[in-house]
Amino acid sequence: VQLTFLGATGTVTGSKYLLTTQGKQFLVDCGLFQGLKELRLKNWEPLPIDPRSIDAVILTHAHIDHSGYIPLLVKNGFRGRIYCSRATRDLCSILLPDSGYLHEEDARRANKYGYSKHKPALPLYTKQEAEIAMDYFYSVDFGKNYKLDDGVIFHLNRAGHIMGSSFVTLKFGNKLLVFSGDLGRMYDPVIKPPAILQFTDYLVIESTYGDRLHGNIAVEDQICDIVNRTLNRDGTVLIPSFAVGRTQNLMYYLNLLKKTGRIPDVPIYLDSPLAIEATKVFCSHIEEQRLSHKACQEVSRIAHYASTCEQSKAIDANNTAKIIISASGMATGGRVLHHLKVFVTDPKNTILFAGYQAEDTRGDRMVRGEKEIKIHGEIFPVRAEIALLHNISAHADYDEILQWLSHFKKPPRKVFITHGEEHAAKSLQIKIQQRFGWQCIVPQFLHKESL
Ligand SMILES: [Zn+2]
């Protein structure tokens, strides 16, 4: 079996791993490159392999940097099965069409303002193409073996990162190969913890936080302080949030704080069609949660849902103190921009960012203290308090990664460190070598390895 790294090398996006056996080819993950323009341009380059020659895809989870290339793969002729967990399939059925819609919007904007060198600018794929791709999904149960071809079987185990997230274990001959996908955390309040794995010959491990620690600040205490401080000023807390996972965790914490009387009973609004859909998936996949069905329902009822644009506008129409959760998480787009325009200029309000802000996004610039921001071509002074939640990440930090690795009963023959910026991946490599003495490499783009 040959393993080729087609993405997530030197970056945290574009996860794609090609497995070539005698006569067949499989992909593990099929993600989009995101972030900086030079990375996004890579999505437009043809794959080093003809999609028609790929027999099947296995997805670790639904995040776009792991699944977002699927519609393009199908558009370019892939006709095999896409295997994943049930919750991953349900999340992909909302995230992929949304991704298609955003690509169409980008193309429309580029045509309107003429900033594309292509005339006309075209979307990478459309919402409809993403919907067509869903026909190829085939959901599987955790812990059960599935046959890819005569010599290769696979199974999934929980990875604890978001709903449905999985480790993929492939077995060929008497060898095991494990893909961690994104590794979650042992103590997330909502989602079930990652499974403990004890044996593998080869391991592909992520390293998003390969050089960082989350610290031990209790998230609920931090939210409690920020909310009370803002409400005492009669202000509003606006939380730009990520639709899947983060939003449901925030709703869990807000419910907890309200129930225990630590924050006042002010209205909470969830204003993001995508986050509302993701919350429905959250309630329908109780097997993914630590929470009971009743607790899930309670958490989902903490917010008023704004589905339509009118409902969204109505939130800002009155002046009463409130909490608004809205996407996108780094304030790069979406409905949160409309709320930002209303709330960012008044010092009584707080803009609370719910975790890591990628470099040079609007969120990152505000967290770094910029005094003005531009939204839809207009300049707004930043007078509201700007806050950032720590320790709410869905990724294991390096201590947690090492702890998860410590359960392996015998050293893997080789560990491949991916899905991290170069310094993070290299830093994790050194830590694994020092602690366990295992052979680790940080593969480059298109690196090939015979297993
Ligand atoms: Zn992820």
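Just follow the structure's listing: the first ligand is 1, and inside any ligand the first atom is 1.
Comment: Arg86 does not engage Glu288 in a salt bridge, judged by the lack of any side-chain N to carboxylate O separation of less than 4.0 angstrom. Arg413 has a carboxylate O that lies under 4.0 Å from a charged side-chain N of Asp201, or vice versa, which qualifies the two as a salt bridge. Remark: Arg335 engages Asp271 in a salt bridge, criterion side-chain N to carboxylate O under 4.0 Å. A salt bridge links Lys426 to Glu422: one of the charged nitrogens lies within less than 4.0 Å of a carboxylate oxygen. Under a 4.0 Å N-O distance rule, the pair Lys42/Glu45 does not qualify as a salt bridge.
For the Zn ion (ligand 1), the nearby protein N/O/S atoms, meaning those under 2.8 Å, are His61 NE2, His63 ND1, His161 NE2, Asp182 OD2.
In this structure, Trp404 and Phe408 have perpendicular ring planes: the angle between them is above 60°, well past the 30° mark.
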